[in-house]
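The first residue in the sequence is number 1, and the count goes up from there.
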Amino acid sequence: MNSRKLYIHTENWSEEPFSISRSYEDNFDVVVVELEQNGVKGWGEGSPTEHYHESIQQTKKLIEDFREVLENGISRQDLQQAMPKGAARNAVDCALWDLEAKLAGKRIWELPDISKHLEKDGKSKAESVTTVYTLSLDSPEKMGEAAAKHASRPYLKIKLTGDGDLERLTAISENAPNSRLVVDANEGWTLEHYQRFVPELKSLGVEMIEQPFPTDKDSILKTLDRPLPVCADESCHDTLDLERLKGLYEFVNIKLDKTGGLTEALHLQSQAEKMGFRTMVGCMSSTSLGIAPAFLIAQRAEIVDLDAPLYLYEDRASPIKYKVSEVFPPAAELWG
């Protein structure tokens with residue numbers, strides 16, 4: 001086994017105020033893992049989510065509990081069985097990928113497991129993608145103003161909550177008439193909301209609905225008309241969830257902080273596609289370090305939601321490059 005040295009630290013980052021149906025934030029915490037081997041360091045970032053019963057302290061402790069096996073050289077594959085999914089494993093798994101690429105002297109997409117994944121979509125390397133830009137939940141007037149400000153973006157994602165959502169969407173559609181729209185209720189709708197809103201959404205330009213119902217109530221989707229595709233976010237964490245989601249959702253949203261890293265995210269995307277799901281890639285609040293590994297999932301995703309760094313007041317050195325809504329591959333100096 002190869003001996004490594006593990007370093008763990010936490011960081012707090014400030015961002016533009018952002019609201020969804022269940023929360024508001026203007027800053028967030030991440031756990032950063034660094035793994036050093038043969039004088040080379042790989043790193044990764046995890047964003048703990050309170051909704052999934054994660055905290056910065058719990059995440060850091062979980063990684064610390066695995067210090068011995070990590071420093072003794074556990075493989076990425078064995079890590080999947082040893083460590084539970086979530087932000088802690090995400091930080092470790094992505095650090096291992098970065099370390100592997102640097103030790104091999106290659107870019108991440110040149111490694112065999114990644115190159116095979118890209119080849120299925122006819123690519124030999126990571127290419128730029130177009131991300132949605134998310135409009136924070138607010139009053140119809142404020143969201144209409146935000147839509148006007150970002151009307152040049154090709155794809156907008158709209159945070160919704162229930163009452164007042166049709167008014168919000170009307171204002172957005174009027175102020176950004178050329179933008180494609182997807183909506184995300186973050187589990188905030190009731191059956192009555194769905195039945196009232198959905199017939200109107202298509203005329204407002206909406207193309208997809210993300211997680212309308214709470215996870216423990218989403219089985220109702222099996223009985224409902226779905227004139228627009230519906231995407232599982234909170235209801236889909238890893239590959240084991242897919243069987244239950246058949247017949248309920250058309251899309252699954254893959255987030256590395258849910259899957260527990262890039263390794264499981266690659267597997268989830270492949271299995272989802274085999275089972276007939278369309279895929280989306282998303283992110284928690286994160287820096288460019290958290291976005292870089294997800295960029296590889298974006299290569300085969302139909303919808304890309306990797307806009308988190310656009311809300312930061314400051315980002316990493318050598319950050320992900322954005323040109324309006326076009327996202328470019330991460331620099332080697334950042335990750336991979």
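- Side-chain N/O atoms of Ser318 and Trp335 include no donor and acceptor closer than 3.5 Å.
- Leu242 contributes atom CG, which lies 11.0 Å from atom CD of Glu273 (distance to the nearest 0.5 angstrom).
- Using cut-offs of 30° and 60° on the angle between ring planes, the pair Phe213 and Tyr194 is tilted.
- Cluster annotation: Val304 and Val252 are assigned to the same hydrophobic cluster (Ile/Leu/Val/Met/Phe/Trp/Tyr, side-chain heavy-atom contacts under 4.5 Å, transitive).
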| Where do Phe28 and Leu312 land on the side chain to side chain contact (heavy atoms under 4.5 Å, CB included) test, with the steps shown first? | CA-CA 10 Å; Phe28 60 93; Leu312 293 176; 3.5 Å; yes

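- Applying the side chain to side chain donor-acceptor pair (under 3.5 Å) test between Glu264 and each of Thr239, Asn90, Thr259 identifies Thr239 as the sole match.
- The local environment of CD in Glu50 is sparse, with at most 12 non-hydrogen atoms from other residues, nucleotides or ligands closer than 6.0 Å.
- Summarising the local packing, NE2 of His53 is surrounded by 12 or fewer heavy atoms from other residues, nucleotides or ligands at distances under 6.0 Å.
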Side-chain atoms of residues 34-43: list all donor-acceptor pairs with protein atoms under 3.5 Å, sequence neighbours left out, distances to 0.1 Å.
unit_1	atom_1	unit_2	atom_2	d
Glu36	OE1	Tyr7	OH	3.1
Gln37	OE1	Arg4	NE	3.2
Trp43	NE1	Leu334	O	2.7

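- Both Leu156 and Val183 belong to a single network of hydrophobic side chains, linked directly or stepwise wherever heavy atoms of I, L, V, M, F, W or Y lie under 4.5 Å apart.
- Looking at Glu326 and Ser128, their side chains do bring a donor and an acceptor atom within 3.5 Å of each other.
- Taken to the nearest 0.5 Å, the CD1 atom of Ile209 stands 12.0 Å off from the CG atom of Leu181.
- Here the straight-line distance linking atom CD of Glu302 with atom CD of Glu250 works out to 11.0 Å at 0.5 Å rounding.
- Side-chain atoms of Ser325 do not come within 3.5 Å of backbone N or O of Arg153 as any donor-acceptor pair.
- Residues Leu204 and Leu166 have side chains in contact (heavy-atom distance under 4.5 Å, counting atoms from C-beta outward).
- The salt bridge (Lys or Arg N to Asp or Glu O under 4.0 Å) test with Asp238 is passed by exactly one of Lys255, Lys85, Arg89: Lys85.
- Comment: Arg244 engages Asp218 in a salt bridge, judged by a side-chain N to carboxylate O separation of less than 4.0 angstrom.
- At a cut-off of 3.5 Å, with distance as the only test, a side-chain donor of Trp13 or Glu11 sits close to an acceptor on the other residue.
- Leu160 and Val230 fall within the same hydrophobic cluster, defined by Ile, Leu, Val, Met, Phe, Trp and Tyr side-chain heavy atoms under 4.5 Å apart, directly or through other members.
- Atom CD of Glu192 is surrounded by more than 12 heavy atoms from other residues, nucleotides or ligands within 6.0 Å.
- In this structure Tyr311 satisfies the ring pair (Phe, Tyr, Trp, His ring centres under 6.0 Å) test together with Phe18, Tyr133, sequence neighbours excluded.
- A distance of 8.5 Å separates NZ of Lys222 from OG of Ser219, quoted to the nearest 0.5 Å.
- Counted by atom type alone, Thr190 and His193 present one or more donor-acceptor pairs between their side chains at under 3.5 Å.
- Atom CG of Leu221 sits about 9.5 Å away from atom CG of Leu191, to the nearest 0.5 Å.
- Between the side chain of Thr223 and the main chain of Ile220, a donor-acceptor pair closer than 3.5 Å is present.
- Hydrophobic clustering (side-chain heavy atoms under 4.5 Å, transitive across Ile, Leu, Val, Met, Phe, Trp, Tyr) groups Leu245 together with Trp189.
- Using a 4.0 Å cut-off between a side-chain N of Lys or Arg and a carboxylate O of Asp or Glu, Arg67 and Glu64 qualify as a salt bridge.
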| request: Would you please test Leu169 and Phe197 for side chain to side chain contact (heavy atoms under 4.5 Å, CB included) and show each step? | output: CA-CA 10 Å; Leu169 282 168; Phe197 296 160; over 6 Å; no

| said: One pair to check against side chain to side chain contact (heavy atoms under 4.5 Å, CB included): Glu16 and Tyr313. What are the steps and the verdict? | reply: CA-CA 7 Å; Glu16 295 175 17; Tyr313 293 120; 4.1 Å; yes

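- Aromatic rings from Tyr249 and Phe277 are positioned such that their centres are separated by 6.0 Å or more.
- Between the side chains of Asp307 and Tyr322, not a single donor N or O lies within less than 3.5 Å of an accepting N or O.
- The neighbour count for Lys123 NZ, taken as heavy atoms of other residues, nucleotides or ligands under 6.0 Å away, is above 12.
- Linking ILVMFWY residues whenever their side-chain heavy atoms come closer than 4.5 Å, directly or via other members, leaves Leu96 and Ile291 in distinct clusters.
- Not a single donor-acceptor pair under 3.5 Å links the side chain of Asp233 to the backbone N or O of Asn253.
- Side chains of Glu15 and Ser285 form a contact here, defined as non-hydrogen atoms less than 4.5 Å apart.
- Remark: Ser115 OG to Arg107 CZ distance equals 14.0 Å, nearest 0.5 Å.
- Although no hydrogens or angles enter the test, the distance criterion places no donor-acceptor pair under 3.5 Å between the side chain of Glu234 and the main chain of Thr215.
- Between the side chain of Asp98 and the main chain of Gly336, a donor-acceptor pair closer than 3.5 Å is present.
- Dense packing is recorded around CG of Asn12, with more than 12 heavy atoms of other residues, nucleotides or ligands lying under 6.0 Å away.
- With hydrogens and angles left out, the side-chain atoms of His117 and Gln269 include a donor and acceptor closer than 3.5 Å.
- Side-chain N/O atoms of Arg316 and Ser288 include no donor and acceptor closer than 3.5 Å.
- More than 12 heavy atoms of other residues, nucleotides or ligands shown are found within 6.0 angstrom of CD on Gln77.
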